[in-house]
Number of protein chains: 2
Amino acid sequence: MNRKVTSLDVAARAGVSQSAVSRVFSGASASQRTVDAVREAADHLGYRPNVVARSLITGRSKIIGLVVAYLDNAFYPDALERFSNELQAQGYHILIFMAHGTTSDIDRVVADLLDHQVDGIIAASVGLSDALTDRCRGLNIPVVLFNRGDADPSLPQVTSANFAGGQKVAKYLVQAGYQRIAHISGWSGSKTGQDRAEGFADGLVKAGSQLIAQVDGMYKREVAAAAAQDLVQTYAVDAIFVGNDHMAFAVLDHLRFEMGLSVPDDVAIVGYDDVPMAAWSAFDLTTVRQPSGRMVQATVYMLLALIEGEENLAPKHEIDGELIIRGSTRALEQEA
Amino acid sequence: MNRKVTSLDVAARAGVSQSAVSRVFSGASASQRTVDAVREAADHLGYRPNVVARSLITGRSKIIGLVVAYLDNAFYPDALERFSNELQAQGYHILIFMAHGTTSDIDRVVADLLDHQVDGIIAASVGLSDALTDRCRGLNIPVVLFNRGDADPSLPQVTSANFAGGQKVAKYLVQAGYQRIAHISGWSGSKTGQDRAEGFADGLVKAGSQLIAQVDGMYKREVAAAAAQDLVQTYAVDAIFVGNDHMAFAVLDHLRFEMGLSVPDDVAIVGYDDVPMAAWSAFDLTTVRQPSGRMVQATVYMLLALIEGEENLAPKHEIDGELIIRGSTRALEQEA
DNA sequence: CTGAAAGCGCTAACAT
DNA sequence: ATGTTAGCGCTTTCAG
């Protein structure tokens with residue numbers, strides 16, 4: 001059993017002091033002679049610095065905690081992959097936590113994260129309690145909300161322009177000639193869902209129409225599917241804006257295969273996110289694109305700046321997303 | 001700024017020694033009096049033990065490195081979620097690495113993991129170089145391959161019964177009356193893909209049929225879709241077994257919407273994995289279920305046992321998966 | 001530029 | 001059961 005090789009072993013073999021070894025591996029200045037000798041010895045012995053010891057003394061772990069709620073919504077695995085790449089490129093690693101639960105659940109998880117001395121936290125689509133937010137602030141550990149707004153605009157957060165996105169959908173549906181328009185919203189407890197819903201209602205009114213009905217889809221497939229059925233049967237809607245693609249796929253399936261309706265001929269469906277699947281022919285879903293690449297970049301940038309101690313940073317970052325028109329809605333009438 | 005609270009501060013306030021505090025938080029024995037005093041002081045000061053310091057001295061980080069390649073294949077986000085739950089329940093956390101790359105890429109990533117003193121590594125669907133495998137062994141860090149076999153059966157690995165799964169599909173397709181059967185395999189460089197392909201070919205022969213053609217789908221949607229088109233046009237196949245659901249969805253879409261064919265009337269499609277989407281009406285895919293819950297449990301169990309120093313453990317664990325018959329193939333003819 | 005020495009916050013003998 | 005002591009492997013003053 002290869003006992004663990006320490007910087008002391010390397011120092012002995014290279015004929016230098018242990019601190020010289022440390023300098024070489026932490027990029028501090030050293031003469032070429034020293035560097036060469038240390039490198040040779042390290043390679044020979046298979047030495048690699050122990051980052052745990054390093055973290056203990058520097059107080060930084062180079063680890064980012066990522067809390068994420070829904071991995072069954074394809075938007076998040078996609079974002080996770082981008083986060084991993086982006087952060088790895090900056091020398092950070094991701095400690096991951098799934099938190100599909102209550103606030104207290106999430107708090108426990110984040111407390112764990114804190115114990116691990118993470119340098120920063122990304123909360124993807126989950127809310128943190130005020131107590132926890134305070135604690136992070138007390139420990140000077142930055143938290144950035146990803147795809148999750150907060151009522152408190154001073155909390156660092158990155159979202160797409162949800163209100164504007166909702167408006168875009170409204171304007172388009174009205175222009176396309178739909179008359180009885182409903183909305184299956186994202187969970188009303190989430191700012192993101194609220195904003196989309198409010199933007200949609202606002203856009204409808206501004207376009208001279210109005211919302212026939214609105215139901216909370218809770219970000220759940222079954223809830224959304226049942227809501228869609230009700231909307232069609234009870235309100236005879238001809239278009240439904242669904243709060244995200246994840247639910248929209250369920251609605252599409254239910255309408256087509258359970259109810260035998262045609263989309264878009266009987267009912268038009270619009271989603272939100274433009275996850276890769278939305279472009280698949282089986283769905284061909286009209287949706288608002290959330291540019292996850294840019295959202296992730298903004299989040300990472302913001303988080304690292306905060307870690308570096310940046311003070312004057314606009315905490316709220318909204319990224320615009322365009323409406324992608326596909327076959328789940330009828331095409332816009334040609335301009336005269 | 002709340003300076004960091006250490007066990008020393010707690011000790012001072014509780015009127016006990018620092019080691020008493022340590023004992024209380026690491027679960028060693030202590031009198032009720034001490035425990036109470038320490039708890040009170042800790043709560044008051046907001047103390048939490050620093051796990052980095054603990055790791056440094058115990059030599060265990062309670063962190064598991066998870067290396068994963070394809071998050072766009074829904075099987076993996078699902079597994080990730082299960083891993084997270086399972087491991088969290090055991091007091092472990094997941095340091096995640098995305099490695100969609102070459103071997104050298106993966107090696108760099110795992111070297112990184114090793115630097116972080118992870119207690120164990122789960123390699124989901126990626127191969128590690130021999131050099132790295134050796135290094136892990138040298139450092140006594142267990143590695144378990146998840147959904148990824150290896151030519152070396154002494155490497156701990158958890159897979160479904162891929163060969164048997166391929167056989168099941170073959171037997172079923174022949175019994176259902178298909179005559180011209182082809183296979184779009186998973187990447188031939190992966191043991192998993194190979195085993196399914198070999199089992200399929202074997203099953204076909206045993207059922208008195210044979211493989212008309214086989215193409216490597218590389219686990220890529222586009223490759224699989226193009227292969228399917230070729231198979232239909234050049235070989236006039238009436239059934240295709242696709243190496244996993246991820247590719248099968250692409251094939252289904254391409255056949256139906258690009259080529260205007262009917263599945264299953266013109267061509268039958270079978271996948272492998274039974275990811276949640278396979279059950280959606282839009283796909284309704286016949287497939288072999290990989291019981292990801294049980295696979296994850298087996299992997300975690302094996303990994304933790306290895307970490308605890310367990311020696312006599314069967315390294316290879318295969319979990320049986322049943323064939324789920326849905327609408328992408330015609331139903332079996334009734335037994336006479 | 002380099003070595004010696006002092007810790008980072010904690011656990012683990014070892015005494016008491 | 002509890003306090004004392006000695007580190008875990010490294011970074012970081014501080015002299016030289």
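Just so it is clear: chains get the letters A, B, ... in the order the sequence lines come, proteins before strands, and each one is counted from 1. Note that the coordinates shown come from a computational prediction; the quantities given were computed from them, not determined experimentally. Atom set for the values below is all heavy atoms of this structure, side chains included, hydrogens, waters and symmetry mates excluded.
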- Message: I need the CG-C1' distance between Leu8(A) and dA4(C), as an integer number of Å.
- Response: 13 Å
- Query: Below 6.0 angstrom between ring centroids: does that apply to Phe97(A) and His93(B)?
  - Reply: yes
- Task: Rounded off to whole Å, could you give me the CZ-to-P distance for the Phe25(B) and dT11(C) pair?
- Result: 10 Å
- Side-chain donor or acceptor of Gln157(A) paired with backbone N/O of Leu155(A) under 3.5 Å: yes
- Does Gln32(A) or Val21(B) map to a spot on DNA chain C nearer the 5' end, using the closest nucleotide for each? Gln32(A)
- Message: Categorize Val16(A) for me: base, sugar-phosphate, or nothing, with a 4.0 angstrom heavy-atom threshold over every strand shown.
- Response: sugar-phosphate
- Query: With a non-hydrogen cut-off below 4.0 angstrom, is Ser22(A) in contact with a base, only sugar-phosphate, or nothing?
  - Reply: base
- Ion pair present between Asp9(B) and Arg13(B), side-chain N to carboxylate O less than 4.0 angstrom? no
- Ser19(B) or Arg23(A), whichever maps to the more 5' nucleotide of DNA chain D: Ser19(B)
- Taking atom C1' of dC8(C) as reference, at what distance in whole Å does atom CD of Gln18(B) sit? 13 Å
- Task: Verify the distance criterion only: is there a donor paired with an acceptor across the side chains of Gln32(B) and Asp36(B) at less than 3.5 Å?
- Result: yes
- Would you work out how much the helix from dC1(C)-dG16(D) to dT16(C)-dA1(D) bends between its ends, with each end axis defined by five base pairs, to 10 degrees? 30°
- Establish, from distance only, whether the side-chain atoms of Asn147(B) and Thr159(B) form a donor-acceptor pair under 3.5 Å. no
